[in-house]
Amino acid sequence: MGEPFCCKDLRNFYNAVRQDAPSLETLLDALEKHLPPVAVDKAVGQLDVVLCFPPSVYAPQGINIQRTCYQSGFELEPEPYGRTFTCGEGGMATLTVRAKKGAVWTDDDRADLDVLMELVVNLCSTCRLQQLLSGVERMDMLTGALNTEGFVYESACLLAADPVTPYAAVYSDIKNFRSINRMTDTADGDAILKKYCAVLRESVGQGALFCRPCADNFLVLLPQSRLEQYLALIADVSVAADVNGRVSVLHLSSRCGVCELPASAEKPRPSSVSGQDVVRNAAMALSEAKKMLAEDVVYFRQEFLDARLRNRGLASSFPAALERMEFLVYYQPIVRLETNVLCGCEALSRWQRDRMVFPAEFIPALEDEGSIRNLDFYMLEAVCHDICQWKAAGIEPVRVSTNFSKVNLSDDSLEETVLSIMDKYGVEGKYLEIELCDLADFRHTERLARFVAAMKEHGVSTAIDNFGAGSTPLNLLRSLRAGTLKLDKSLIDAVNSDVQNSPDKAICHAIVSLSRQLGMETVAEGVESRYQADFLRKLGCSKAQGFLYDRPLPHDEFEQLLSSLRVYD
């Protein structure tokens, strides 16, 4: 019947539809618009499309679409002709056509209609694939939340569309989630995150964005009016979880950084505020929250960004400064509490620029940028050089402690590098101690235990630094078998004669007792008064360092101390 299937009309139809199909809905709109010439050619009176896709992280409710994409208005033959196709993602597509009243389709006509239906299904499948690829780029595959890229894009759109409503971004991470991961397998850990995510997504509600940047971190952008309610929620979220085959209720709390985005009808939000700004500022506030053990919620302040910019300037000038040997080694004496005799020292870095720059200014910048590992090795080599010179001059050195950050502690070749530097200067292991820093959230425990054992085999002691300032796991003390435990200055600061039964004194007592049971020496950092020294001595603390005895000394002054009686009054 009629003319042969019109290749020109079909080609025009195909080209028009595929260029205008960012979603299944717009694809079907394009079908309605561009199908008539092809439908008339085959005497098609009506075309119905049914698309069904199961639930997924990208479409939690699934997809169910029923559309009449063409209707001629003529009376139709009662008997339809249709086919069902299987699509990717477990979906199904059913297309049904009915002829105009009086039209009879030949086998060739039906073959042509098959081509048309297959073409429509292929267009739908391609469109869905493009949607999925877009989802992969902008969505988290585990939870279906936005990823960071998706959040940046969507938040920019949301803020631009509504410049007068005040918003707030909250960047949070679950406290101690790594301990849960250690108790469960990967699938159970993922299930906990999905349940947690579902609770948070439901609480966020409409007009807000929910994102999972990575791991147990979450980021939301919501109207300012809902901020307090959301912060109260994430302070304690209950999740039923399978832990070692038993269902338990976990209470998950978070620390978070908040970035407020004020606006009003009188003073709309500037259009220059971008999604990247929101993520950066909220993340910086979270970083500050992680440093402040007493505060779980920190609000972004401009000074955070100013400090970050200063840090970047320091980090960028670090390689040239290292090459020019601008970093100096200062030695802070360590004394034995029972005798007040010098028994060791800690090597501390100073950056000599147009002024003396202290570690608190540049160490965080180097840690963020990763250059801290180079400074660690620079300091070790400088210490070994000094020890070698003292030995050659007939001056007996004391044990020198040098700091190593966690960036280096996870390196498989660390012991090899340390030993090669010692060999270069002929330094015996008894003159060195490696201080292990930043262990509160350290993951590579087995790797670190191998390093400690290797150092012990070569006579090099190891010390766990800043104990009491963070959350170094107690099982780490047992598994590492380090030689020394260093009490953080923050604990010692609270020891004074005004308070006789303070919790800090009890904590110091417990730590010293624990270290003694583990066969470790204890060194108290930041000792500044006779009362503190006497208190620590009575507890059984082995050694101390601090301004009561001496400040960090430059090379020549410390050399003079080594050459003297080495006893403090």
Using the rule given for ring pair (Phe, Tyr, Trp, His ring centres under 6.0 Å), can you reason through Tyr196 versus Phe218, listing the C-alpha separation, both sets of side-chain angles and the distance that settles it, and then say yes or no?
CA-CA 10 Å; Tyr196 180 85; Phe218 297 90; 5.2 Å; yes
Does the pair Phe362 and Phe327 meet the rule for a ring pair (Phe, Tyr, Trp, His ring centres under 6.0 Å), with working shown?
CA-CA 11 Å; Phe362 63 83; Phe327 289 88; 5.5 Å; yes
After noting the C-alpha distance and the side-chain angles of Tyr171 and Val258, does the key distance pass the side-chain contact (heavy atoms from CB on, under 4.5 Å) rule?
CA-CA 6 Å; Tyr171 205 133; Val258 180; over 6 Å; no
Leu159 and Val278: CA distance, side-chain angles, deciding distance, side-chain contact (heavy atoms from CB on, under 4.5 Å) verdict:
CA-CA 10 Å; Leu159 295 174; Val278 173; 4.0 Å; yes
Determine whether Thr417 and Phe377 satisfy the following criterion, side-chain contact (heavy atoms from CB on, under 4.5 Å), listing intermediate values before the conclusion.
CA-CA 9 Å; Thr417 306; Phe377 290 128; 3.5 Å; yes
Let me see the working for Leu24 and Phe53 under side-chain contact (heavy atoms from CB on, under 4.5 Å), right down to the final yes or no.
CA-CA 11 Å; Leu24 289 172; Phe53 292 91; 4.0 Å; yes
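Taking SG from Cys157 and CD from Glu154, the interatomic distance works out to 5.5 Å, rounded to the nearest 0.5 Å. Leu487 contributes atom CG, which lies 11.5 Å from atom CD1 of Ile464 (distance to the nearest 0.5 angstrom). Here the straight-line distance linking atom CG of Leu219 with atom CG of Leu146 works out to 9.0 Å at 0.5 Å rounding. To the nearest 0.5 Å, atoms CG (Leu366) and CG (Leu322) are separated by 9.0 Å.
Every residue two or more places apart in sequence or in another chain was checked for a side chain to side chain donor-acceptor pair (under 3.5 Å) with Ser272, and none qualifies. Contacts of Ser401 classified as side chain to side chain donor-acceptor pair (under 3.5 Å), with partners at least two apart in sequence or in another chain: Glu433. Looking at residues two or more places apart in sequence or on another chain, you find no salt bridge (charged side-chain N to carboxylate O under 4.0 Å, His left out) involving Glu367. Residues satisfying the salt bridge (charged side-chain N to carboxylate O under 4.0 Å, His left out) test with Lys543, not counting sequence neighbours, are Glu521. In this view, Glu303 and Arg301 satisfy the salt bridge (charged side-chain N to carboxylate O under 4.0 Å, His left out) rule, not counting sequence neighbours. With sequence neighbours left out, the side chain to side chain donor-acceptor pair (under 3.5 Å) criterion links Asn217 to no other residue. For Glu381, the salt bridge (charged side-chain N to carboxylate O under 4.0 Å, His left out) criterion is met by Lys424, not counting sequence neighbours.
Residues Asp411 and Arg447 share a closest heavy-atom pair of O-NH1, 2.7 Å. Closest heavy-atom contact between Thr143 and Arg201: O-NH1, 3.1 Å. Of all the heavy atoms in Pro166 and Ala263, the pair that sits closest is CD-O, 3.6 Å. What you find for Cys211 and Pro213 is that their closest heavy atoms are O-CD, 3.6 Å. Across every non-hydrogen atom of Glu288 and Val298, the tightest pair is CB-CG1, 4.0 Å. For the residue pair Ala215 and Leu193, the shortest heavy atom distance occurs at O-CD1, 3.8 Å.
More than 12 heavy atoms of other residues, nucleotides or ligands lie within 6.0 Å of CZ in Arg450, so this atom counts as buried by the packing criterion. Few gaps surround CD on Gln302; more than 12 heavy atoms of other groups in view lie less than 6.0 Å from it. When the shell of 6.0 Å around OH of Tyr153 is examined, it contains 12 or fewer heavy atoms from other residues, nucleotides or ligands.
With hydrogens and angles ignored, the 3.5 Å screen pairs no side-chain donor or acceptor of Ser254 with any backbone N or O of Cys256. A distance-only check finds a donor-acceptor pair linking the side chain of Gln532 to the backbone of Ser529 [under 3.5 Å]. The main-chain N or O of Phe151 is found under 3.5 Å from a side-chain atom of Ser155 such that the two form a donor-acceptor pair. Between the side chain of Asn147 and the backbone N or O of Gly150 there is at least one donor-acceptor pair closer than 3.5 Å. Panel note: side chain Glu525, backbone Gly546; no donor-acceptor pair is recorded below 3.5 Å.
For residues 162-176, every residue pair satisfying the salt bridge (Lys or Arg N to Asp or Glu O under 4.0 Å) rule, not counting sequence neighbours, is listed here: Asp173-Arg255, Asp173-Lys290, Lys175-Asp296. Sorted by first and then second residue, the pairs that involve residues 206-222 and meet salt bridge (Lys or Arg N to Asp or Glu O under 4.0 Å), not counting sequence neighbours, are Asp140-Arg212. Each salt bridge (Lys or Arg N to Asp or Glu O under 4.0 Å) pair with one or both residues in residues 259-274, not counting sequence neighbours, would appear here, but there are none.
Counting heavy atoms from C-beta on, the side chains of Val220 and Leu209 never come closer than 4.5 Å. Counting heavy atoms from C-beta on, the side chains of Phe318 and Leu375 come closer than 4.5 Å. When side chains are defined from C-beta on, Gln332 does not count as touching Arg551, because their heavy atoms never get closer than 4.5 Å. Residues Phe451 and Leu436 are in side-chain contact: their nearest non-hydrogen atoms beyond the backbone lie under 4.5 Å apart. Looking only at side-chain heavy atoms (C-beta outward), Arg373 and Tyr378 stay at 4.5 Å or farther from each other. At a threshold of 4.5 Å between non-hydrogen side-chain atoms, the residues Cys508 and Leu539 count as touching. Annotation: side chain of Ser461 is in contact with side chain of Arg399 (closest heavy-atom distance under 4.5 Å). In this structure, the side chains of Thr522 and Thr484 stay at 4.5 Å or more apart for every pair of heavy atoms.
Using bins of under 30°, 30° to 60° and over 60° for the plane-to-plane angle, the ring pair Phe304/Phe300 lands in the perpendicular bin.
Salt bridge Lys489/Asp493: present, at least one basic N to carboxylate O contact under 4.0 Å. Between Asp277 and Arg280, at least one side-chain nitrogen of the basic residue sits less than 4.0 Å from a carboxylate oxygen of the acidic one, meeting the salt-bridge criterion.
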Name the atoms and distances for all side-chain donor-acceptor pairs under 3.5 Å in residues 345-358, with sequence neighbours left out.
{"from": "Glu346", "atom 1": "OE1", "to": "Lys486", "atom 2": "NZ", "distance (Å)": "3.2"}
{"from": "Glu346", "atom 1": "OE1", "to": "Gln545", "atom 2": "NE2", "distance (Å)": "3.0"}
{"from": "Glu346", "atom 1": "OE2", "to": "Asn403", "atom 2": "ND2", "distance (Å)": "3.1"}
{"from": "Trp351", "atom 1": "NE1", "to": "Glu326", "atom 2": "OE1", "distance (Å)": "2.8"}
{"from": "Arg355", "atom 1": "NH1", "to": "Glu361", "atom 2": "OE2", "distance (Å)": "3.2"}
{"from": "Arg355", "atom 1": "NH2", "to": "Glu361", "atom 2": "OE1", "distance (Å)": "2.8"}

Would you tabulate the side-chain donor-acceptor contacts of residues 226-237 under 3.5 Å, counting partners in other chains and residues two or more places apart, or write 'none'?
{"from": "Arg226", "atom 1": "NH1", "to": "Val204", "atom 2": "O", "distance (Å)": "2.3"}
{"from": "Arg226", "atom 1": "NH1", "to": "Gln206", "atom 2": "O", "distance (Å)": "3.0"}
{"from": "Arg226", "atom 1": "NH2", "to": "Gln206", "atom 2": "O", "distance (Å)": "2.5"}
{"from": "Asp236", "atom 1": "OD1", "to": "His251", "atom 2": "ND1", "distance (Å)": "3.2"}

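For the residue pair Ser405 and Asn408, no side-chain donor N or O sits within less than 3.5 Å of a side-chain acceptor on the partner.
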